[in-house]
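Structure record follows, encoded as structure tokens.
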Amino acid sequence: MSRVGLEGQVVVVTGAARGVGELLARKLSARGATLALVGLEPDALKQVSERLRGDSGHWYADVTDHEAMTRVAAEVKERFGRVDVVVANAGVASGGPFVDSDPESWRRVIEVNLIGSAVTARAFLPALLESRGYLLQIASLAAITPAPMMTAYCASKSGVEAYAHSLRAEVGHRGVRVGVGYLSWTDTDMVRGADQEEVMRELRQRLPWPSNKTYPLGPAVDRIVAGVERRSSHVYGQWWLRGMQGVRGYLPGIIGTVGQREMKRFAPRVRGMRTGLVGAGGEADEAARATHRS
């Protein structure tokens, strides 16, 4: 599919303070896009915005807050006049055995990754319908294959994948394209945070190649940028993920068998694992909620 030039395009990126969102904003800005950055870390967002090449703005908002996101959408449209692309990238993760997991953290992963993505789309779809724009929903390898110790994350990413595919069928005839972005383990604060838990790190290292590697952030984000330019239905941050689509029907059975063996091996070390949100993004989410409660 031919590429759409990004010069002058207004792009919204959620979860833009760090990781995929931050680098994506920089690369889109370098191609001439105007960026609206949304997240929970105002100081970090401000710093990202100040480093961008062209016009940009930043908004503090929890993507699960419908009123806040509706306000942000209105303010972005008022400031820049239009919205052409929305990248629903905000996400958090937790790991550990489900039976011992912290219920609040488990629920929060679903709320941010799935509900927050839907809230984001609901807020910005009116503007995208006007511009006949593009919504890219960031999912994960976790949407394609289940994994033990990642119940909340896998459920949330499977959910956003299905939701985005359904939405594509609803709004395509009205000129809005919807894409799903898939990334394997990519060098971000989230993945580094998960790796701080020894059992999680060793379990991941025992996965079959090429899913046992941590991939550099830059090439993955370059692929996302190309997907935005093409308004692609599917965007793969690592080359081999496309091939996983053809075998995904077999994966639950394989993981169910192999996963039981691995969990038996690690069982003595699993008890007492921390099961809260991981990484700097998880810390920022917990801090923002604590401030809101107080």
Side-chain angles (χ1 to χ4, degrees), residues 10-21 24-25 35-42 45 57-80 82-94 104-131 133-140 142-143 152-171 174 176-181 190 228 277 281-282 284-293:
V10 177
V11 182
V12 178
V13 179
T14 65
R18 62 182 66 253
V20 171
L24 178 61
L35 271 297
L37 313 176
V38 183
L40 289 175
E41 300 171 81
L45 289 171
H58 56 94
W59 282 263
Y60 172 88
D62 183 333
V63 293
T64 69
D65 186 333
H66 176 72
E67 291 185 1
M69 291 300 290
T70 300
R71 171 184 54 77
V72 169
E75 291 179 2
V76 171
K77 177 103 180 316
E78 180 179 5
R79 174 164 174 178
F80 299 125
R82 59 187 291 125
V83 175
D84 299 288
V85 177
V86 174
V87 182
N89 166 72
V92 294
S94 64
E104 184 176 350
S105 296
W106 201 98
R107 179 186 291 270
R108 185 62 180 170
V109 173
I110 303 296
E111 288 175 346
V112 174
N113 297 0
L114 176 54
I115 306 301
S117 294
V119 169
T120 298
R122 190 181 298 277
F124 283 99
L125 266 174
L128 291 177
L129 287 166
E130 287 184 16
S131 66
Y134 177 61
L135 171 68
L136 177 61
Q137 173 62 59
I138 300 298
S140 168
Y153 194 73
C154 288
S156 69
K157 291 302 186 177
S158 296
V160 295
E161 179 194 44
Y163 142 78
H165 287 332
S166 298
L167 184 63
R168 180 187 302 126
E170 291 186 26
V171 299
R174 302 179 67 181
V176 176
R177 295 187 62 84
V178 177
V180 180
M190 180 187 292
V228 171
L277 303 183
D285 186 88
E286 290 174 340
R289 285 185 291 136
T291 300
H292 179 74
R293 285 193 295 265

Side-chain heavy-atom pair V20, M190 within 4.5 angstrom cut-off: no
Side-chain donor or acceptor of N113 paired with backbone N/O of V92 under 3.5 Å: yes
Could you give the distance from OG1 (T70) to CZ (F124), rounded to the nearest 0.5 Å? 9.0 Å
When every non-hydrogen atom of V76 is compared with those of V83, the smallest separation belongs to CG1-CG2, 3.9 Å
Please tell me if the side chains of H66 and R122 come closer than 4.5 Å, counting only heavy atoms from C-beta onward. yes
Looking only at heavy atoms, what is the nearest atom pair of A88 and T120, with distance? CB-CG2, 4.5 Å
Which heavy atom in A142 sits nearest to a heavy atom in Y153, and how many Å separate them? CB-CD2, 3.7 Å
Is there a side-chain contact between V87 and I138, using heavy atoms and a 4.5 Å cut-off? yes
Rounded distance [0.5 Å steps], CD1 in I110 versus OG1 in T64: 13.0 Å
Can you tell me if N89 uses its side chain to pair, donor with acceptor, with the backbone of G15 under 3.5 Å? yes
Tell me the closest heavy-atom pair linking T14 and M69, and the distance in Å. CG2-CE, 4.4 Å
Tell me, do L129 and V176 make a side-chain contact under 4.5 Å, heavy atoms counted? yes
Out of curiosity, R79 CZ to W59 CH2, how far, rounded to the nearest 0.5 Å? 5.0 Å
Less than 4.0 Å between a side-chain N and a carboxylate O, is that true for R18 and D285? no
Whether the side chain of D84 engages the backbone of V11 through a donor-acceptor N/O pair (distance < 3.5 Å, no angle test) should be reported. no
Checking V160, V112, L167 against S117 for side-chain contact (heavy atoms from CB on, under 4.5 Å), the one that qualifies is V160
Exercise: identify the closest heavy-atom pair between L37 and A25: CD2-CB, 3.7 Å
What's the shortest heavy-atom distance between P42 and Y60, and which atoms? CD-CD1, 3.6 Å
Rounding to 0.5 Å, atoms CG (D65) and CD1 (I115) come to a distance of 13.5 Å
Under 4.5 Å between any side-chain heavy atoms of Q137 and V178, yes or no? no
Atom CZ in R168, atom OH in Y163: separation rounded to 0.5 Å? 11.5 Å
Straight-line distance of R289 CZ to L277 CG, nearest 0.5 Å: 6.0 Å
Thinking salt bridges, do E104 and R107 make one under a 4.0 Å N-O criterion? no
